[in-house]
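Side chains included, hydrogens not; waters and symmetry mates left out as well; all remaining heavy atoms used. In the text below, chain A, chain B and the rest are named by the order of the sequence lines, each starting its count at 1.
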Amino acid sequence: MDPTSLDFQEALSLITEGTSVESSIYVPLLQECIERNSVSEAQVIHGHIVKIGTHEDLFLMTFLVNVYAKCEAMENARKLAFRVFIEMLEVGAYPTNYTLGVVLNACCLMYAIGLGKQIHSCIVKYDIEYDTSVGNALGSLYSNCGNLNSAVKAFLKIREKNVISWTTVISSCGDNRDSGMGLRFFGKMLSEGVGPNEFTLTSILSLCCVMQALSVGSQTIKTGFLSDVVVGTALVNMYNKCGSIERASKAFVEMSTRTLISWTSMITGFAQHGCLQQTLQLFEDMRLVGVRPNKITFVGVLSACSHAGMVDEALAYFEMMKNEHKIKPVMDHFACVIDIFVRLGCLDEAFEIIKKMDFEPNEFIWYTMIAGSRSHKNLELGFYAAELLLKLNPKNSETYVLLLNTYISAGRWQDVSRVRKLMKDEKIGKLKDWSWISIKDKVYSFKPDFQFRPQCEEADQLLADLIEKAKNHGYEPQGDLGVTDEQDEETTFSTIHHSEKLAVTFGLLNTSNAVPIHVIKSTSMCQDCHSFIKFVSILTAGEIIVRDSKRLHKFVSGCCSCGDFGSLLQLFLELNW
DNA sequence: GTAGGGTTAG
């Protein structure tokens with residue numbers, strides 16, 4: 001009988017009956033265990049391998065380590081992976097490079113950095129850091145644990161770097177927020193004559209999202225692999241994140257197959273761009289073709305409702321998610337619903353939801369509550385939320401700016417002094433307000449009041465002109481308020497030279513009006529910049545996209561995709577403390 | 001036949 005012609009269950013029962021089978025049957029069976037996420041079946045096969053004495057087969061045992069490492073069904077499965085490795089050592093096997101790679105990958109999946117480092121020392125001792133599979137596995141271990149430096153070091157030590165080595169280091173850069181370095185590695189890879197594959201391209205598209213490097217992404221994709229569903233989804237996602245909803249829809253429509261993730265990417269894209277109707281329509285289309293939404297899809301749908309202020313719709317989708325799709329709401333879903341109530345000024349309803357939730361609210365929920373309390377003049381609730389936020393997030397400069405703004409605008413100087421003292425004690429630094437603009441794939445960075453900018457005089461003149469013109473259209477600058485507290489510490493707000501104003505002005509000088517301006521910002525936008533850029537989008541009749549630390553703002557004809565409520569923005573961002 | 005890819009608002 002040819003064992004490979006058996007189906008999984010038949011083959012498994014042969015093994016349990018103790019029938020002798022050829023060792024070639026184990027690999028496809030174990031492979032199927034990974035797909036079925038079935039630890040118990042893998043254990044049956046494992047037992048059999050040991051029983052008939054095949055356990056000295058290095059390849060087979062290495063594969064078994066891999067199976068246990070990849071099964072997430074049982075908490076102990078991954079511990080089994082290490083036990084098999086130790087058993088291998090105990091029978092006197094000398095681990096091959098592949099074995100070490102697999103074990104490192106198990107460490108990576110379990111975030112077992114300590115154990116990974118021990119194995120790394122063995123690798124150094126054996127002097128095999130140069131080996132391709134060992135180096136690649138080391139690279140992904142360090143990358144997964146957030147240590148980009150060590151990941152790059154591991155990559156550089158590989159003697160014969162293959163496409164997987166390059167892809168690993170490029171995606172490490174993306175995962176660890178150094179897109180610039182990722183793109184440089186990509187350039188180096190091409191110059192060394194290594195051709196990218198669909199895996200590399202997906203990682204590159206993801207880097208381009210962060211960099212707003214639309215044209216790098218568009219050019220990259222000409223290399224091919226468009227038929228790959230993951231590449232297609234990454235492309236849709238890149239266009240969305242770079243603010244081009246039109247190109248994203250085009251890429252989405254042109255895909256030959258779509259997975260749940262593809263649908264969810266496009267739904268989320270419409271939501272971020274403030275297109276409620278398209279979001280809901282696409283959600284319906286998805287259901288009609290029989291793809292079941294998951295919790296992330298519902299985050300997209302609910303956030304679209306929140307941008308549009310549609311509370312009844314949001315609650316209906318919330319119920320649909322629970323009842324029809326049996327998805328248990330998580331914090332993200334509650335946060336969307338709370339956000340809608342806050343935007344509409346229904347703070348009590350929002351607070352009721354917080355009280356009824358099964359979990360402790362996270363910092364974003366308190367952030368929303370504080371901003372809403374401030375704009376809807378419910379100071380006590382605002383202070384309450386602010387103190388809770390401080391407890392949750394005591395190291396973040398933005399939290400303190402929010403708190404100080406709240407207390408200063410209420411004239412509560414005792415609290416202002418207390419917060420200032422806390423900041424000193426906690427060694428909280430000044431907010432790092434930076435903006436970047438990408439023009440013809442070159443990235444220019446700006447910080448507030450930066451004196452040595454390119455085209456400084458020209459840009460300042462243009463900014464002054466724009467402010468004047470915007471004022472004629474009804475713009476009321478909110479910066480430059482002098483506030484004196486009881487300790488006579490002069491606190492001034494200067495929003496005129498916030499980094500995004502400088503970046504947008506520089507963009508206007510250096511791009512044609514037909515091209516949208518893309519700015520990325522390190523903190524969240526302040527109310528003044530938000531309002532100013534709305535006027536600029538009227539004055540220039542162009543599109544301006546600012547991706548700040550909290551959300552995407554696409555300004556067209558005086559409106560912003562974030563819902564234009566304005567109430568959930570920082571009052572001012574800069575304080576001289 | 002062991003290593004690398006895509007979705008989460010606020």
For nucleotides 2-7 of chain B, read 5' to 3', which letter fits each nucleotide if B means a protein heavy atom sits under 4.0 Å from the base, S means only the sugar-phosphate is that close, and - means neither? BBBBBB
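Trp263(A) has its CH2 atom 19 Å from the C1' atom of dT8(B), to the nearest Å. Residue Lys295(A) contributes atom NZ, which lies 13 Å from atom P of dT8(B) at whole-angstrom precision. Note: CD1 (Ile34(A)) to C1' (dG1(B)) measures 11 Å, nearest angstrom. The distance from atom CZ of Phe364(A) to atom P of dA9(B) is 10 Å, rounded to the nearest whole Å. Rounded to whole Å, atom P of dT8(B) lies 13 Å from atom CE of Met266(A). In this structure, Glu363(A) atom CD and dA9(B) atom P are separated by 14 Å, rounded to whole Å.
Contacts of Phe155(A) classified as ring pair (Phe, Tyr, Trp, His ring centres under 6.0 Å), with partners at least two apart in sequence or in another chain: Trp166(A), Phe185(A). When the ring pair (Phe, Tyr, Trp, His ring centres under 6.0 Å) test is applied to His55(A), no partner is found at least two apart in sequence or on another chain.
Here CG of Asn197(A) is found 5.0 Å from OG1 of Thr167(A). Values are rounded to the nearest 0.5 Å.
The phosphate of dG10(B) has OP1 or OP2 within less than 4.0 Å of a side-chain N or O from Arg551(A).
Between Leu302(A) and Cys336(A), the shortest heavy-atom contact is CB-CB, 3.7 Å.
Residue-environment remark: NZ (Lys250(A)) stays at or below the threshold of 12 foreign heavy atoms within 6.0 Å.
Taking the charged nitrogens against the carboxylate oxygens, Lys188(A) and Glu192(A) do have a contact shorter than 4.0 Å, which makes a salt bridge.
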